[in-house]
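So the structure is just underneath, and the comments pick up after that.
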Amino acid sequence: MSTVRCSLKDLAKTLEKEIQKNIKQVKFAASVALNNTAFKARSNLIDEYKKSFTVRNTNLPKAVTVKKATKEKLTAEVSFPKDWMYINTKGGKKEPEHSKVLMVPLKNGGLKDYRTQSGKIKQSQKPGNLLKYADSHPLKTKAHVATPHPFVMQNKKGQMMIAVRDKANRKDLKFLYVGVPTANVKKRWDFEKIVQDTAAKELPKMFDDALKKAMATAK
């Protein structure tokens with residue numbers, strides 16, 4: 001317990017000093033609690049991401065960022081700077097942006113052979129680049145060419161397919177993408193709810209602990 005002694009003459013000045021000191025400690029404790037909660041939310045987001053998705057690129061969930069609070073600005077921000085992931089946090093229909101169809105990777109298709117060590121699809125094997133190559137090299141679709149190249153075909157449903165011939169057996173095709181008009185995207189990673197639930201659960205206790213420490217070390 002701390003003791004403050006002052007004369008009646010200096011009471012107002014002393015009280016003001018103590019109030020300001022306490023406000024300073026409260027703001028400091030609040031910033032510590034906000035930041036600790038934000039990083040706990042980040043950890044929860046990464047864990048939930050790994051449960052909800054097939055994580056080929058292990059660095060991707062780590063892109064969740066925290067902008068720390070300060071005593072002057074008591075706001076901590078948690079964000080994921082990948083706009084294309086937004087629909088996975090809300091769910092809904094995904095529509096093509098630059099073409100008539102969406103080229104969707106086939107789950108059990110041949111793209112596994114065209115991924116980098118981090119799990120990303122190689123830029124040369126993205127649908128736009130494959131379609132561009134197939135359009136400009138129509139003769140490369142023949143089975144006898146030395147190196148298998150991408151080409152476009154239609155399946156029985158009339159859907160556009162991007163395929164390549166297998167290197168070992170040119171009669172076999174490896175299908176990479178299928179074209180669909182829209183794709184239904186499920187809500188798989190409720191970003192906002194995870195952050196809000198973490199704050200509701202963790203912030204009060206973290207603030208209480210931080211305030212006790214701040215007041216105990218106040219000078």
Side-chain angles (χ1 to χ4, degrees), residues 23-99 102-107 111-112 114-129 176-177 182-218:
I23 290 174
K24 181 179 178 181
Q25 295 304 101
V26 169
K27 286 185 175 180
F28 173 75
S31 67
V32 170
L34 284 167
N35 291 333
N36 288 343
T37 302
F39 280 105
K40 178 62 176 177
R42 180 181 185 272
S43 177
N44 289 343
L45 284 164
I46 292 173
D47 289 344
E48 190 61 32
Y49 186 101
K50 292 177 180 178
K51 293 176 185 177
S52 301
F53 296 93
T54 301
V55 183
R56 295 185 178 91
N57 181 359
T58 55
N59 289 322
L60 185 60
K62 296 176 185 177
V64 177
T65 59
V66 172
K67 186 176 180 181
K68 296 171 72 174
T70 66
K71 290 183 292 183
E72 292 73 30
K73 186 179 180 181
L74 293 174
T75 303
E77 298 178 9
V78 184
S79 60
F80 189 71
K82 306 288 182 183
D83 291 342
W84 50 266
M85 273 295 297
Y86 180 77
I87 194 170
N88 290 285
T89 71
K90 294 293 184 182
K93 285 189 177 294
K94 185 174 182 180
E95 298 182 351
E97 296 179 4
H98 307 295
S99 62
L102 283 170
M103 299 309 298
V104 180
L106 289 166
K107 187 175 181 180
L111 275 174
K112 61 181 181 295
Y114 299 104
R115 293 184 181 274
T116 64
Q117 287 186 338
S118 68
K120 292 181 179 180
I121 297 173
K122 294 177 181 179
Q123 192 65 33
S124 61
Q125 303 304 316
K126 295 289 181 70
N129 289 329
L176 309 182
Y177 298 91
T182 61
N184 291 318
V185 180
K186 295 181 180 179
K187 181 192 288 187
R188 302 174 66 185
W189 192 40
D190 200 336
F191 192 97
E192 291 181 7
K193 188 175 186 302
I194 293 169
V195 174
Q196 290 169 355
D197 287 352
T198 303
K201 180 181 178 181
E202 304 289 348
L203 186 56
K205 184 179 183 303
M206 287 188 174
F207 175 68
D208 188 52
D209 291 344
L211 183 60
K212 287 177 181 177
K213 291 179 182 179
M215 297 306 292
T217 57

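All values below come from the heavy atoms of this structure, side chains included, with hydrogens, waters and symmetry mates left out.
Considering every non-hydrogen atom in both Pro204 and Ala200, the closest pair reads CD-O, 3.7 Å. Minimum heavy-atom separation, Lys27 to Lys71: CD-O, 3.8 Å. Closest non-hydrogen pair, Lys40 versus Thr198, comes out as CG-CG2, 3.8 Å.
For the pair Val78 and Phe191, the minimum side-chain heavy-atom distance is below 4.5 Å. When side chains are defined from C-beta on, Leu34 does not count as touching Thr75, because their heavy atoms never get closer than 4.5 Å. Phe28 has its side chain out of reach of Leu211: every pair of non-hydrogen atoms, C-beta onward, lies at least 4.5 Å apart. For the pair Pro61/Ile46, a side-chain contact is recorded, criterion being any heavy-atom separation below 4.5 Å from C-beta on. A heavy-atom distance below 4.5 Å is not found between the side chains of Glu48 and Arg188.
Checked by atom type, the side-chain pair Ser79/Thr65 shows a donor-acceptor distance below 3.5 Å.
At least one donor-acceptor pair closer than 3.5 Å links the side chain of Gln25 to the backbone N or O of Ala214. A donor-acceptor pair under 3.5 Å links the side-chain atoms of Asn35 to the main chain of Ala69, judged by distance alone.
Atom OG of Ser31 sits about 13.5 Å away from atom NZ of Lys73, to the nearest 0.5 Å. Phe39 contributes atom CZ, which lies 11.5 Å from atom CE of Met206 (distance to the nearest 0.5 angstrom). The distance from the CD1 atom of Ile194 to the CG atom of Asn44 is 7.5 Å, given to the nearest 0.5 Å.
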Between Tyr49 and Leu60, is the side chain to side chain contact (heavy atoms under 4.5 Å, CB included) condition met? List the steps. CA-CA 9 Å; Tyr49 186 101; Leu60 185 60; 2.9 Å; yes
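A salt bridge links Lys187 with Asp190: at least one charged nitrogen is closer than 4.0 Å to a carboxylate oxygen. A salt bridge does not link Lys201 to Asp197: none of the charged nitrogens lies less than 4.0 Å from a carboxylate oxygen. One finds a salt bridge joining Lys205 and Asp209 here, because a Lys/Arg side-chain nitrogen approaches an Asp/Glu carboxylate oxygen to under 4.0 Å.
The aromatic rings of Phe80 and Trp189 sit perpendicular, their planes meeting at an angle over 60°, well past the 30° parallel limit.
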